[in-house]
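The structure appears below as structure tokens.
We number each residue from 1, following the sequence as shown. For ligands, and for the atoms within them, numbers begin at 1 and follow the listed sequence.
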Amino acid sequence: MRTPLIAGNWKMHDTLSEARSLVTGLVEGLDAACGVEVLICPAFQLLFPMAKAIADTPIQMGAQNAHEATHGAFTGEVSVPMIAETGATQVIIGHSERRHVFGEKGDQLNKKVRAVVSGGLTAIYCVGETLEEREAGKTKDVVRRQMDEVVGSDVPADKLVIAYEPVWAIGTGKTATPQQAQEVHAFLRGQLAEIYDATTAETIRILYGGSVKPGNAADLMGQSDIDGALVGGASLVAADFLAIIAAAAAAVPAS
Ligand code: PEP
């Protein structure tokens with residue numbers, strides 16, 4: 001039984017006062033016993049103050065990126081030990097904006113995931129195809145390659161989350177149908193079974209990301225291989241993020 005994870009990727013949004021007000025709304029509205037793990041991923045400069053804002057709440061915090069080295073002459077970069085020091089426990093690696101806007105590629109992402117897990121944090125590794133690749137029938141080839149480039153049995157399974165984010169659905173308002181998403185998630189779980197084993201693959205969470213909103217979250221979260229969501233735009237509005245968390249909670253089978 002995988003505990004759903006709803007992760008908010010704040011991207012390059014929110015000043016400190018905006019972030020404080022967003023977190024206040026989340027803390028006030030969150031049902032701590034809802035059975036869903038909740039993660040916020042603010043920009044780097046917000047990590048220390050947001051750690052303070054979520055102290056004594058069940059909300060977890062992650063970063064949106066990390067450099068693969070622990071320290072050095074890398075102007076403008078932030079390392080895993082620096083992130084860990086803030087209290088963050090997770091790092092998003094390979095988000096499509098990192099791949100497509102900043103040119104990050106498989107070999108670098110491989111190093112980044114290993115740096116994250118070596119630093120004791122959990123890597124949320126993102127994969128996903130472009131619209132052109134989907135229309136050419138290459139979705140599974142693309143995500144298989146992105147997984148092969150980075151995920152290996154040396155990455156501890158309990159420090160790994162996969163996020164399937166079709167590039168054409170991120171920030172566009174277009175969402176994969178629950179069936180389209182489930183098909184890719186099941187394929188990814190099959191690949192995890194090849195890399196680890198079937199039992200271990202059942203323990204690894206696979207999140208869906210791409211224009212998740214209160215109105216489509218329930219159908220997506222109801223799919224057997226969708227274990228939560230990586231949410232961009234809707235994570236910046238407390239009421240919307242809380243509604244997505246509630247949809248994930250409602251999809252958890254009663255025990
Ligand atoms: C994201 O940033 O990972 C994302 C999925 O964004 P959005 O929800 O806005 O599509």
- [ ] Out of Gly232, Gly171, Gly233, indicate the one that has the non-hydrogen atom closest to atom 10 (O) of ligand 1.
- [x] Gly171

Task: Contact partition for Asn9 relative to ligand 1, non-hydrogen atoms under 4.0 Å - done: side chain

TODO: Specify the closest pair of heavy atoms between Ala243 and Pro214, including all atoms of both residues, with the distance to one decimal.
DONE: CB-CB, 3.8 Å

Task: Shortest protein contact, atom 1 (C) of ligand 1 (heavy atom only) - done: His95 NE2, 3.2 Å

Open item on the list: Could you check whether Asp227 pairs with Arg189 (Lys NZ or Arg NE/NH1/NH2 to Asp/Glu carboxylate O, under 4.0 Å)?
Closed with: yes

TODO: Output, in order, the C-alpha distance, side-chain angles, deciding distance and verdict of side-chain contact (heavy atoms from CB on, under 4.5 Å) for Arg144 and Glu194.
DONE: CA-CA 11 Å; Arg144 172 172 279 284; Glu194 288 168 23; 3.4 Å; yes

Open item on the list: Would Glu97 count as a polar contact of ligand 1, with the cut-off being nitrogen or oxygen pairs under 3.5 Å?
Closed with: no

Open item on the list: Strictly below 4.0 Å, N to O, side chains only: are Lys138 and Glu132 in salt-bridge contact?
Closed with: no

TODO: Only one of Val151, Asp148, Val127 passes side-chain contact (heavy atoms from CB on, under 4.5 Å) with Gln191; say which it is.
DONE: Asp148

Task: Location of contacts on Ala169 toward ligand 1, heavy atoms closer than 4.0 Å - done: backbone

Open item on the list: Using a 4.0 Å cutoff against the non-hydrogen atoms of Ser211, which atoms of ligand 1 qualify?
Closed with: 7 (P), 8 (O), 10 (O)

Open item on the list: Distance under 4.0 Å to a non-hydrogen atom of Leu230: what atoms of ligand 1 satisfy this?
Closed with: 3 (O), 5 (C)

Task: Residue portion contacting ligand 1 (non-hydrogen atoms closer than 4.0 Å) for Glu165 - done: side chain

Open item on the list: Run Arg114 and Asp154 through side-chain contact (heavy atoms from CB on, under 4.5 Å) and show every step you take.
Closed with: CA-CA 9 Å; Arg114 278 151 189 79; Asp154 59 313; 2.8 Å; yes

Open item on the list: Among Glu97, Lys112, His95, which residue satisfies the side chain to side chain donor-acceptor pair (under 3.5 Å) criterion with Asn65?
Closed with: Lys112

Open item on the list: Which residue in the set Glu133, Glu183, Glu129 passes salt bridge (Lys or Arg N to Asp or Glu O under 4.0 Å) when paired with Lys140?
Closed with: Glu183

Open item on the list: Pairs of nitrogen or oxygen atoms closer than 3.5 Å, one from Lys11 and one from ligand 1: do any exist?
Closed with: yes

TODO: Pull out every atom of ligand 1 sitting under 4.0 Å from any heavy atom of Gly210, numbered as shown with elements.
DONE: 5 (C), 10 (O)

TODO: Could you tell me whether ligand 1 has any atom less than 4.0 Å away from a heavy atom of Ala234?
DONE: no

